[in-house]
Protein chains: 4
Amino acid sequence: MDGRGEDGAGGVGDVGGEAVKVRRKRMPRAERERQMLDAAVRTFGQRGYRAASMDEIAELAGVSKPLVYLYLNSKEELFTACIRREAAALTRAVRGAVAPGPADRQLWDGLRAFFEHTGRHPDAWAVLHSQARTVGEPFAAEVNALRAELVAFVTALLAAAAREAHQDPSLPDREVAGLAHALVGAAESLAGWANAEPDVSAREAAATLMNFAWAGLGDLMEGRRWSPPS
Amino acid sequence: MDGRGEDGAGGVGDVGGEAVKVRRKRMPRAERERQMLDAAVRTFGQRGYRAASMDEIAELAGVSKPLVYLYLNSKEELFTACIRREAAALTRAVRGAVAPGPADRQLWDGLRAFFEHTGRHPDAWAVLHSQARTVGEPFAAEVNALRAELVAFVTALLAAAAREAHQDPSLPDREVAGLAHALVGAAESLAGWANAEPDVSAREAAATLMNFAWAGLGDLMEGRRWSPPS
Amino acid sequence: MDGRGEDGAGGVGDVGGEAVKVRRKRMPRAERERQMLDAAVRTFGQRGYRAASMDEIAELAGVSKPLVYLYLNSKEELFTACIRREAAALTRAVRGAVAPGPADRQLWDGLRAFFEHTGRHPDAWAVLHSQARTVGEPFAAEVNALRAELVAFVTALLAAAAREAHQDPSLPDREVAGLAHALVGAAESLAGWANAEPDVSAREAAATLMNFAWAGLGDLMEGRRWSPPS
Amino acid sequence: MDGRGEDGAGGVGDVGGEAVKVRRKRMPRAERERQMLDAAVRTFGQRGYRAASMDEIAELAGVSKPLVYLYLNSKEELFTACIRREAAALTRAVRGAVAPGPADRQLWDGLRAFFEHTGRHPDAWAVLHSQARTVGEPFAAEVNALRAELVAFVTALLAAAAREAHQDPSLPDREVAGLAHALVGAAESLAGWANAEPDVSAREAAATLMNFAWAGLGDLMEGRRWSPPS
DNA sequence: TATGAATGAGGTTTCATTCAT
DNA sequence: CATGAATGAAACCTCATTCAT
């Protein structure tokens, strides 16, 4: 969905034995910008925000540094653009995968889509998950927006499930938020696990999470809860 | 003839004004080292590994930069020392809180201790959770050791619970690892949530997590599992 | 938000005073690189490798430090480049001065060229002779290459002289190497002497060395040698 | 003659399994100073003036840094003291080896002593030859004194040889100085050669130099000289 | 006498950013 | 549209030197 090209367009064409600098092909702005973002996501994802250098990004994109500045103004804005683009892509993938139906089916589909997307775009996932957390202030907004989006999605699901059970679980908003955080955190951790262990499929990760969490959520939906001793 | 530091006794005595630098307070090495680690944890936790500067750390510790290098050799070793110290403190806190007894009681106690510790030392938690993941190679070992420690702890708990239920759940190692990752990830996420929302107590976070996870774990222990549709 | 270099167009225009920094003069890379090497040779020659600072070199070259690093990568590589350039210049001067002819004439011509070159480029000579010897490993290769070049030149000369005398001097390689070292050392020392005493011409230095060494070499070539007493 | 002890006195005595800092033995000042100079010569000889650190020297001497400063005031003075001591040792060795007798015998004996001494104390030789030349001003005096001493010695030899030949060679002072420089330079170069090639004896180096130089010197003493072509 | 504790100053190197073409 | 040339600022790290005990 975002086409991280291994090469980009242009670069150095080694024609017939001598390195020849080819005239960079003129390209429409949108496409150039996409190339830059691709390179930036890859670099930020692998090195981190501070350790990534604009030099490396420009080189990977196959353009000169001033062009990056011309289009994206600053490192900060470039990183913000990365977060925004990748957050949108992730939520689009998850939302696009769920269809009307029973709640557990919806959750299952959403989780599978989530693990599939993060597995297919590990650098993008690293940008969203690890890197964007380490840097202070300026990016919090973007990342919080993503998290809020996911939490809202899960919250809606839970509410629907409750209605479906013809019960008023009367779970306070605050508890729902806590549960959503727990679910998202578990999913994030499993995404990292699945990326690190090469033979764990998205399906398996999703099943693990359903097994882990669905029973508890179901109980809560029906008013049963675990009570602390004494 | 190099003539550095002609000024004799260290310290600028601004007579009659303010900003009288005192410095040169002698302290035993161990204590100074502790101060430096405190400052480093705070700075690394708030700024991140790359963005934290040795200057800032030294100033926060109330010493000059060369002293930090004299005692801790390099930024990398300083960060490693931080991780090691804080990881040890966290696991000590958790392990120290659980007593023999039923499995859910043990998990409940451990979780409360976990949330209490991370709540009380947010910078240390940030170092362990967010920051140590961003940077590559050199620190992976330390952080993995912590995660492995926690996973081992949880795994032992689950195994004990299974025995307690007089059942052979025959959960394969790999599934147990996945569940442990999910649990730890959920806990990590809730720790961040509890730190961000100021009036969420450690107890509430722990209860939320127990509600979220205990039913599913119990089901699995007794051989019941959620099965995917189709 | 990092906000470095807010001041816009580089250069401090001290209106109405003096010290108007011009800078930002664009030049083709090759020429700038030459300027930098000139400055580096001068600085290294006068201060030595360790004592020379990149700051001083950059200033003498009339550029900023980062540009030096952009073009020459590191202090070590910069020094290596100096050695290589100056060694090539010196050997070119010497080899270019000798023409086919009798051996003593060849040696005489070569020596004059040697003393003329070292006299005209004392800093370059200092880099090659004094400075490059002090520092360890990394530069040994370059300097040894120069010395080997000179020794090879002298060795060839001696062999030609032997043939010329229609004799097989049967000097073992090892003795030839020793003699060449002695000759080169004497030349080096005389070069220093000629540079220190301002009114010693290259011609005089060369004549002194011929007087000093030619008779002994001639004797050896014809099989006569000095024998130690007892 | 200067006893570079491998250990010095004191240090860390590993008694019975735990590293135990032993109380440094009180020692008479002269001996302590000798230890420090030994360590300094070794370090300066191997690393060079700038690259040698007072830390390393103090550690190698087995004392604390402030003690070095107490006794020798500064790095500069320490280096000066090294040069002075080693120059004196070298000239003592050479002068002590020559006995009244024919000139070539005297030169032969002196050269052998020279090569023997430099071979036995390579670090001291490195300090005198390589290192002392790279640094500017402050040490020139010391090194020049050594060179002048050697040149004077050789000059006296040559003059004696001339008298011995019952001739007035009427070599001008300046030419004698040039020849002495050539001889000393050749000797220095051969000293380096002999140190680098491990199986070249002092005797062989001296013989090589006699073969190289004696015939020319003899010729000059008797008024014969090489004349440049044209 | 001897040392552990401490620091000012300066070293090399990197990086985000801009200007002139 | 696109880039080669250039730099201010700050990062990590080292070292000669001194003070208080």
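Quick caveat: nothing in here was measured; it's all calculated off a predicted structure. For the numbers below, each heavy atom of this structure counts, side chains included, while hydrogens, waters and symmetry mates do not. By convention in this document, chain letters (A, B, ...) are assigned in the order of the sequence lines, proteins followed by strands, and residues within each chain are numbered from 1.
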Could you write out DNA chain F as a dot-bracket string, with dots for unpaired bases, | for bases paired across to another strand, and Watson-Crick or G-U pairs counted at under 3.5 Å? .||||||||||||||||||||
Steps toward salt bridge (Lys or Arg N to Asp or Glu O under 4.0 Å) verdict (D:D38, D:R34): CA-CA 6 Å; D:D38 289 348; D:R34 196 174 50 66; 3.3 Å; yes
Starting from [atom2] on [N], measure out to [atom1] on [X] and report it in whole angstrom.
X: A:Y49; N: E:dC15; atom1: OH; atom2: P; answer: 14 Å
X: C:M54; N: E:dT12; atom1: CE; atom2: C1'; answer: 8 Å
X: A:R50; N: E:dT14; atom1: CZ; atom2: C1'; answer: 12 Å
X: D:E59; N: E:dT3; atom1: CD; atom2: P; answer: 13 Å
X: B:D55; N: F:dA10; atom1: CG; atom2: C1'; answer: 9 Å
X: D:K65; N: F:dT21; atom1: NZ; atom2: C1'; answer: 17 Å
X: C:L72; N: E:dT14; atom1: CG; atom2: P; answer: 13 Å
X: B:R47; N: F:dA11; atom1: CZ; atom2: P; answer: 10 Å

For A:F44 versus A:C82, what's the shortest heavy-atom pair and its separation?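 Heavy atoms only, the tightest pair is CD1-SG, 4.0 Å.
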Crowding at CD, D:E59 (>12 non-hydrogen neighbours, <6.0 Å): no
From the candidates E:dT13, E:dT3, F:dA2, the one with an atom nearest any side-chain atom of C:S74 is E:dT13
Could you check which of F:dA6, E:dT13, F:dA20 has an atom nearest any side-chain atom of C:Y71?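 In terms of side-chain proximity for C:Y71, the closest of F:dA6, E:dT13, F:dA20 is F:dA6.
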Pick the nucleotide of DNA chain E nearest each of B:P28 and C:A52; which residue has the one closer to the 5' end?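 Closer to the 5' end of DNA chain E: B:P28.
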Map D:L70 and A:K75 onto DNA chain E by nearest heavy atom, then report which one ends up closer to the 5' terminus.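 Its nucleotide being nearer the 5' end, the pick is D:L70.
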Give, for atom CG of A:L70 and atom CZ of A:R32, the distance between the pair rounded to the nearest 0.5 Å. 11.5 Å
What distance do A:T43 atom OG1 and A:D123 atom CG have between them, rounded to the nearest 0.5 Å?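 One finds 8.5 Å between OG1 of A:T43 and CG of A:D123.
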Within 45° cone of D:Y49 ring axis and under 6.0 Å: C:R50 NZ or CZ: no
If you pin C:R32 and B:Y69 to their nearest nucleotides in DNA chain F, which one's is more 5'?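 First, find each residue's nearest nucleotide; the 5'-ward one identifies C:R32.
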Residue whose closest nucleotide on DNA chain F lies nearer the 5' end, B:A51 versus C:L67: C:L67
